[in-house]
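Right, one structure below, let's go through it.
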2 protein chains.
Amino acid sequence: MNNSQKHTAVSSKTVGRLSRYRRLLRQCREQEDCLFSHRLAELAGVTPAQVRRDIMAVGYSGSPSKGYEIKTLLQHIDNFLDPPIRQPVALVGVGNLGRAILAFFAGRRPKLKIVAAFDKDPHKADRVIVGCRCYPVEQLADIMQNHGITIGIIAVPASAAQETAAALVASGATGILNFAPTPLRVPATVYVEDIDLTTSLDTVAYFARSTREPSLERST
Amino acid sequence: MNNSQKHTAVSSKTVGRLSRYRRLLRQCREQEDCLFSHRLAELAGVTPAQVRRDIMAVGYSGSPSKGYEIKTLLQHIDNFLDPPIRQPVALVGVGNLGRAILAFFAGRRPKLKIVAAFDKDPHKADRVIVGCRCYPVEQLADIMQNHGITIGIIAVPASAAQETAAALVASGATGILNFAPTPLRVPATVYVEDIDLTTSLDTVAYFARSTREPSLERST
DNA sequence: AATTATCTGTGAAAAAAATCACAATATCAA
DNA sequence: TTGATATTGTGATTTTTTTCACAGATAATT
């Protein structure tokens with residue numbers, strides 16, 4: 001009954017959608033006990049087949065008559081997505097964006113928590129911002145190793161992003177969430193997810209013009 | 001010489017990469033006059049073939065001997081990505097994240113500018129935050145129509161996201177950048193781009209474990 | 001002028017992602 | 001028990017996205 005990584009490597013798209021399903025399921029577990037793929041699909045804005053495919057990855061089977069038992073499905077998704085023990089996170093860059101990120105993640109997820117923030121500006125060091133201790137960047141390596149941090153969030157200006165990434169990797173990071181508008185050079189063993197606000201806004205602006213053919217978006 | 005939308009509809013992935021190329025090109029236009037696809041690919045962390053394909057969309061051809069003339073290529077990308085005149089943007093939700101977004105976009109892009117922010121909290125109304133006038137949500141429709149706003153950024157809590165989206169669409173939005181962790185129901189003619197911090201962090205956390213096979217990431 | 005080297009632009013192929021479609025299955029109704 | 005109905009899980013297919021690979025182009029070299 002090993003349900004860990006046995007199938008042919010789950011894609012990041014599937015992982016992302018599972019995270020989204022989880023949130024939706026948590027919301028509706030009070031109202032309902034079970035739901036069908038088409039119901040979850042509707043909530044998530046995807047197709048039922050997509051939902052079923054994604055759920056295959058977590059190794060849980062629903063019943064043709066009742067669909068998926070929400071409680072059990074959630075357990076399976078949690079088990080799939082969540083780290084076995086604890087995966088502490090470091091944030092680098094405590095500007096506007098950094099503070100917003102701290103506030104956003106504060107208090108959720110005990111296992112996936114921002115346990116340390118870093119900033120170049122010594123004025124910001126040794127303070128507690130939104131419940132998170134802030135250190136000067138010089139201490140990055142030390143503190144990351146002390147806490148066993150393997151995930152870094154980069155919220156520094158583009159000009160400092162590459163060196164920040166290098167420092168994170170050197171201190172043991174194997175995953176980076178990058179808000180800086182710069183592509184990062186990291187070893188192939190490090191997973192990087194970019195959140196590029198400019199690019200996203202440009203894309204929205206582009207498609208907001210030119211009344212496109214009713215395309216990929218969710219409808220009523 | 002019509003180089004507008006003639007080809008078979010450009011994908012959002014291509015639009016996003018063009019936005020990224022543009023930023024990189026601006027950075028290196030001082031140093032260099034021309035560059036090859038493999039150089040831009042290296043900067044952007046993609047393959048040369050990808051770069052060439054993407055550039056096809058903007059209707060510009062490089063020279064086999066000199067590559068792409070940076071100045072001209074930039075003009076073509078700008079012409080492709082930028083709105084003909086002006087595409088004002090509205091931000092809804094002036095919490096931590098909203099303010100960070102305002103700060104992030106402040107001063108850039110004259111044609112694609114956040115011209116109005118809205119918040120439910122009347123305390124935040126009628127102030128100027130990071131250079132942007134803030135109004136109570138009640139005035140959303142009025143002000144959007146006055147300014148001819150067609151792009152909305154949603155930075156409200158998940159619980160208010162759907163109604164915000166509906167209000168934006170009702171007031172003329174055809175593109176939405178959604179930071180709320182909820183799928184939005186909008187007509188198929190409205191383009192939505194989701195930026196889901198939780199999902200992104202979950203994905204990074206997932207791939208940060210399990211030393212994956214050297215996969216899709218950029219290497220040294 | 002011919003040769004070489006290297007690039008672009010793009011048809012064709014491959015890979016990745018999403019969807020279709022249907023056998024297997026569970027439940028209900030009679 | 002049988003039949004009718006509706007859903008799951010998944011092989012096969014389709015669609016989308018990326019990459020390959022090469023003809024055609026340009027300049028430098030001889």
Side-chain angles (χ1 to χ4, degrees), chain A residues 3 6-18 20-21 32-70 72-73 76-77 183 203 207 212-219, chain B residues 3 6-18 20-21 25 32-42 44-70 72-73 76-77 183 203 207 212-219:
Chain A
N3 66 357
K6 54 180 170 184
H7 299 87
T8 41
V10 178
S11 76
S12 70
K13 302 230 174 188
T14 290
V15 174
R17 281 189 301 261
L18 285 169
R20 183 170 276 220
Y21 299 158
E32 303 155 88
D33 274 357
C34 294
L35 51 51
F36 295 116
S37 62
H38 58 77
R39 172 92 180 100
L40 182 50
E42 188 191 298
L43 293 171
V46 301
T47 64
Q50 183 82 82
V51 166
R52 297 203 297 274
R53 270 262 182 263
D54 290 335
I55 288 178
M56 282 176 73
V58 304
Y60 168 65
S61 284
S63 129
S65 47
K66 287 186 292 197
Y68 303 97
E69 203 185 326
I70 295 180
T72 317
L73 176 54
H76 280 257
I77 296 180
T203 306
F207 288 105
R212 299 138 303 113
E213 57 281 89
S215 62
L216 30 137
E217 291 318 301
R218 327 100 171 119
S219 61
Chain B
N3 65 356
K6 53 179 171 182
H7 299 86
T8 42
V10 178
S11 77
S12 70
K13 303 226 175 192
T14 291
V15 173
R17 282 189 301 261
L18 284 169
R20 183 169 277 218
Y21 299 158
L25 289 168
E32 303 155 86
D33 273 358
C34 294
L35 50 51
F36 295 115
S37 63
H38 58 77
R39 173 92 179 98
L40 182 50
E42 188 192 297
V46 301
T47 64
Q50 184 82 84
V51 167
R52 297 202 298 274
R53 271 260 181 262
D54 289 335
I55 287 178
M56 282 175 72
V58 305
Y60 169 66
S61 283
S63 131
S65 46
K66 287 186 290 197
Y68 303 97
E69 203 186 325
I70 294 180
T72 317
L73 176 54
H76 280 257
I77 296 179
T203 305
F207 288 106
R212 300 138 303 112
E213 58 281 272
S215 62
L216 29 139
E217 290 320 300
R218 327 92 170 129
S219 62

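What you see is a predicted model; the values in this text were computed from it and never measured. Naming convention: chains lettered A, B, ... in sequence-line order (proteins, then strands); numbering from 1 in each chain.
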In the 5'-to-3' direction, what one-character label does each nucleotide of nucleotides 19-30 of chain D receive under the scheme B = base within less than 4.0 Å of a protein heavy atom, S = sugar-phosphate only, - = no such atom? B-B---BSS---

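As a whole-Å value, the separation of Tyr60(B) OH from dT10(C) P is 14 Å. Rounded to an integer number of Å, the gap from Met56(B) CE to dT18(D) P is 14 Å. Rounded to an integer number of Å, the gap from CD of Glu69(A) to C1' of dT8(D) is 15 Å. When the P atom of dC7(C) is taken as reference, atom CZ of Phe36(B) falls 6 Å away, rounded to whole Å. A straight line from CG of Leu40(A) to C1' of dT8(D) spans 14 Å, rounded to a whole angstrom. Distance, Leu35(A) CG to dT7(D) P: 12 Å, rounded to whole Å. When the P atom of dG9(C) is taken as reference, atom NE2 of His76(B) falls 11 Å away, rounded to whole Å. Whole-Å rounding puts the Lys13(B) NZ to dA16(C) P distance at 12 Å.
One distance of note links CZ of Arg17(B) with CG of Leu40(B); it measures 11.5 Å at 0.5 Å rounding. Taken to the nearest 0.5 Å, the CG atom of Leu18(A) stands 12.5 Å off from the NE2 atom of His76(A). Once rounded to the nearest 0.5 Å, the distance linking CG of Asp54(B) with OH of Tyr21(B) reads 3.5 Å.
Distances shown here put a side-chain N or O of Arg17(A) below 4.0 Å from the OP1 or OP2 atom of dA18(C). In terms of phosphate contacts, Ser61(B) brings no side-chain nitrogen or oxygen within less than 4.0 Å of OP1 or OP2 of dT8(C).
Smallest separation of non-hydrogen atoms from Val10(B) and Ala57(B): CG2-CB, 3.9 Å.
When distances run from any side-chain atom of His38(A) to the nucleotides dT7(D), dG9(D), dC7(C), the shortest one goes to dT7(D).
Each of Ser37(B) and Thr14(A) has a nearest nucleotide on DNA chain C; the 5'-most of these lies closest to Ser37(B).
For Ser65(A), the side-chain contact (heavy atoms from CB on, under 4.5 Å) criterion is met by Ser63(A), not counting sequence neighbours.
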Going by atom type alone, with no hydrogens or angles, which donor-acceptor pairs under 3.5 Å involve a side-chain atom of residues 45-53 of chain A and a protein atom two or more places apart or on another chain?
{"residue": "Thr47(A)", "atom": "OG1", "partner": "Gln50(A)", "partner atom": "N", "Å": "3.2"}
{"residue": "Arg52(A)", "atom": "NH1", "partner": "Ser37(A)", "partner atom": "OG", "Å": "3.3"}

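Within the 3.5 Å criterion, the main-chain N or O of Tyr68(B) finds no donor-acceptor partner in the side chain of Tyr60(B).
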